[in-house]
Colleague: 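Have a look at the structure that comes next, please.
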Amino acid sequence: MSEPDLPATDTPTTLAPSPSPTATTPNGHGSAQPSPDWWRTGVLYQIYPRSFADSSGDGVGDLAGIIDRLDYLNNGTPDSLGVDAIWLSPIYPSPGFDVGYDVSDYTGIDPLFGSMADFERLVEESHRRGIRVILDLVLNHTSHLHPWFVASRSGRAGPYSDFYIWRDPSGWVAGRPRRPNNWGSFFGGSAWTWDESRRQFYLHTFLPQQPDLNWRNPAARGALLDVVRTWLGRGVDGFRLDVFNVFFKDAELRSNPRRFGRRRAWARQIHRYDKDQPELVALLADVRAIVDEQPGRMTVGELFTGTVEQAAGYQAPGHLVFDFSMVETPWDAQAFAAAIAAREAAVGPEGWPTIVLSNHDQPRHASRFDDGRLGDARAKVAATLELTLRGTPFLYYGEEIGLRNVPIPPDEIIDPPARRASLFDRWWNRDQARAPMPWGPGPNGGFSRARPWLRMSPEFETRNVAAQDDDSSSLLSFYRRLVWLRRSSRPLQIGAYQEVDVEDRDVLAYVRRLDRQEALVVLSFADREAKVHLPAPDGTGSWRLLLSSHDASEPEDNGRLVLRPLEAAVFARS
């Protein structure tokens, strides 16, 4: 849906040409041989496979459906979105207690999504288009139906007996076992479940059907690192490491200190001993050593309930860490300026941040920022922020068409924590951010010939890819121009960041600078006209408009610029 009163500009969107980050040549694995730092210059796109495209007609997205849509993601021209990599949420066999994040076979493909041959074809077709493939690795826990856990719970002896974190009771009360410590599950309740067959407790940071692995056990560690090697051998270009900072727990399993005055059970503890243990640093080095055996491979870690400073501390060459501070930032220029400044201070000039506004666990930012009357104007400002800040942008499928949260009736909720949430431990219903991608206005939004596994957006007849594809004022068209502008601009890809004062607290402005090249980004967060004063370019010259979410606006000779309500503009030094 576009806003007629806020048309997009037809201004050319090119800076000085730069080498394409997707230039590739075949390597021995039939993969693409990227430049070593492609992850720094590129744009990554998260796909929730169940919800992207269904080719089989069973109502669930699959690998073949993704292959069918690869040209939409990048066909080598500005008619496509132009992304450099796709990150796939888990595609492994799983009983689905946490919708795929409970893995029962680390090296297989869930038949729900297709076959290994389908996966190999996906890698081949992606690489042919210069698109890298990133897999989601869930290495903190497995499914309780994984053969390792089935063997582990069968007895205290055997090769898998110590693959998980088992402990005896801390005592007995009225014939009932007492838990080893006070640790809680993130999804509510205790993190310990009693197993009658083994007569011990096992640890699960999340659902009881997701027992935590014991990374301190050399055999378990070796088996998990072999999983990394297996997928690298199949040509993947990197991994997203799910909740990686939870891999190690305190060796003595000491209880966490309590925190008072918090509503959710998880927040009522200071999580000192059940995550962020010092042994993690050496493990990350081991993972990177394996990944670095093949040039151009990357990893990105999901920092689980941590700070910007912690995220920066875990970064390493080729290893990014998700910083979710902007996911929690309200629609306010000063709030975003503060969040960016804190991140820049923590990461430092040599570090490399990530840029995330939405993902499969969080409310979609088009809904978070939407005030119900401005169409996609705020979404265009957010898109400009996301694709022009210093760092690697991670787009979430559907955000490029402004897909909103989809209300899910209680009897249709699939997300396990949302189903079991109590009045005192409320949980965000993640299904609302996982709705199927609407490709067109026809039956089921062109997603599937069958009823989708999760209900479609109620706007799918008007908010879909086909409706925005040829509309130059649409959000999709604006995303495409932004991505291809970023691809052509070395300052926007790897330049330094400097906030500048334009004399209006509702406007965020910053310069991206690399050597003698500069780009200026000006973002109005206000639904009113804003008169700002642009800084002079470094050295000689003046600012030339490259892209605006409105009609083209050039600054006056004295540097004054009149911004329309919620305008986003990018300039280069001429």
Side-chain angles (χ1 to χ4, degrees), residues 1-11 13 43 45 72 78 81-83 326-327 329-333 336 355-358 362-388 393 395-407 432-433 435 437-441 445 456-486 506-508 521-530 547-553 563-570:
M1 182 185 299
S2 60
E3 55 284 355
D5 56 325
L6 302 177
T9 180
D10 293 325
T11 304
T13 59
V43 175
Y45 185 93
Y72 164 80
L81 194 55
V83 301
M326 288 199 295
V327 172
T329 303
W331 187 257
D332 179 82
F336 270 101
I355 310 164
V356 181
L357 292 179
S358 294
Q362 302 292 338
R364 286 184 174 272
H365 69 264
S367 287
R368 293 202 312 272
F369 299 151
D370 190 3
D371 74 347
R373 60 188 179 87
L374 297 169
D376 287 334
R378 286 186 174 183
K380 288 180 178 180
V381 175
T384 309
L385 178 77
E386 188 175 24
L387 288 160
T388 62
L395 311 184
Y396 185 46
Y397 82 97
E399 76 172 65
E400 71 273 21
I401 61 170
L403 197 59
R404 267 69 167 172
N405 296 331
V406 177
Q432 296 180 63
M437 180 77 163
W439 295 99
M456 302 289 300
S457 164
E459 298 181 294
F460 81 86
E461 291 282 358
T462 54
R463 185 177 293 282
N464 57 66
V465 171
Q468 297 192 25
D469 194 32
D470 295 324
D471 179 0
S472 63
S473 68
S474 71
L475 182 60
L476 175 59
S477 293
F478 190 67
Y479 262 90
R480 286 171 174 162
R481 289 196 293 272
L482 273 169
V483 172
W484 285 91
L485 172 60
R486 188 181 188 277
D506 290 325
V507 177
L508 172 63
V521 181
V522 184
L523 307 172
S524 174
F525 284 71
D527 56 355
R528 59 167 173 81
E529 188 177 87
L547 178 65
S548 171
S549 58
H550 293 53
D551 289 327
S553 300
L563 288 171
R564 294 166 180 79
L566 294 167
E567 180 173 6
V570 183

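What you see below is based on every heavy atom in this structure, not just the backbone, and it leaves out hydrogens, waters and symmetry mates.
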Colleague: Roughly how far, to the nearest 0.5 Å, is CZ of Arg481 from CG of Leu476?
Modeller: 10.0 Å
Colleague: Could you walk me through whether Leu385 and Leu508 satisfy the side chain to side chain contact (heavy atoms under 4.5 Å, CB included) test, starting with their C-alpha distance in whole Å, then the side-chain angles of each, then the deciding distance to 0.1 Å, before giving a yes or no?
Modeller: CA-CA 9 Å; Leu385 178 77; Leu508 172 63; 3.9 Å; yes
Colleague: Find the distance between CE (Met437) and OG (Ser457) and round it off to the nearest 0.5 Å.
Modeller: 11.5 Å
Colleague: Search all heavy atoms of Ala333 against all heavy atoms of Phe525 and return the closest pair with its distance.
Modeller: CB-CD1, 3.6 Å
Colleague: For residues Asp370 and Arg378, determine if any side-chain heavy atom of one lies less than 4.5 Å from a side-chain heavy atom of the other.
Modeller: no
Colleague: Is it true that a side-chain atom of Asn464 and a backbone atom of Ala467 form a donor plus acceptor pair closer than 3.5 Å?
Modeller: yes
Colleague: Considering only heavy atoms from C-beta outward, does the side chain of Arg564 approach that of Ser548 to under 4.5 Å?
Modeller: no
Colleague: Any side-chain donor paired with an acceptor under 3.5 Å for Glu400 and Tyr45?
Modeller: yes
Colleague: Side chains of Thr384 and Phe478, heavy atoms from C-beta outward: is any pair under 4.5 Å?
Modeller: yes
Colleague: With distance as the sole test, does His365 use its side chain to make a donor-acceptor pair with the main-chain N or O of Ala383 at under 3.5 Å?
Modeller: no
Colleague: Between Trp331 and Phe369, how do the two ring planes meet: parallel, tilted or perpendicular, split at 30° and 60°?
Modeller: tilted
Colleague: Is any side-chain heavy atom of Val356 closer than 4.5 Å to one of Gln362?
Modeller: no
Colleague: Would you sort out whether Arg486 and Thr388 count as a side chain to side chain contact (heavy atoms under 4.5 Å, CB included), showing the intermediate values?
Modeller: CA-CA 7 Å; Arg486 188 181 188 277; Thr388 62; over 6 Å; no
Colleague: Would Arg364 and Tyr397 count as a cation-pi pair here, with the cationic atom under 6.0 angstrom from the ring centre and within 45° of the axis?
Modeller: yes
Colleague: Which heavy atom in Asp471 sits nearest to a heavy atom in Ser477, and how many Å separate them?
Modeller: O-OG, 2.6 Å
Colleague: Where is the tightest heavy-atom contact between Pro458 and Val406, given as atom of each residue plus distance?
Modeller: CD-CG1, 4.2 Å
Colleague: Considering all heavy atoms of both residues, which atom of Leu485 and which atom of Val570 are nearest to each other, and what is their separation?
Modeller: CD2-CG1, 4.1 Å
Colleague: Hey, are the side chains of Tyr72 and Asp469 touching, using non-hydrogen atoms and a 4.5 Å cut-off?
Modeller: no
Colleague: Show your reasoning for whether side chain to side chain contact (heavy atoms under 4.5 Å, CB included) applies to Leu403 and Tyr396.
Modeller: CA-CA 10 Å; Leu403 197 59; Tyr396 185 46; over 6 Å; no
Colleague: Side-chain contact, heavy-atom cut-off 4.5 Å: Leu482 with Glu386?
Modeller: no
Colleague: Would you name the heavy atoms of Leu566 and Ser549 that are closest together and state the gap between them?
Modeller: O-OG, 3.8 Å
Colleague: Please report the shortest heavy-atom distance between Ala530 and Ser524, naming the atom on each side.
Modeller: CB-OG, 4.5 Å
Colleague: Does any non-hydrogen side-chain atom of Arg463 lie less than 4.5 Å from one of Gln468?
Modeller: yes
Colleague: Would a 4.5 Å heavy-atom cut-off, applied to side chains only, mark Ser358 and Arg368 as touching?
Modeller: yes
Colleague: To the nearest 0.5 Å, tell me how far Leu387 CG sits from Trp484 CH2.
Modeller: 13.5 Å
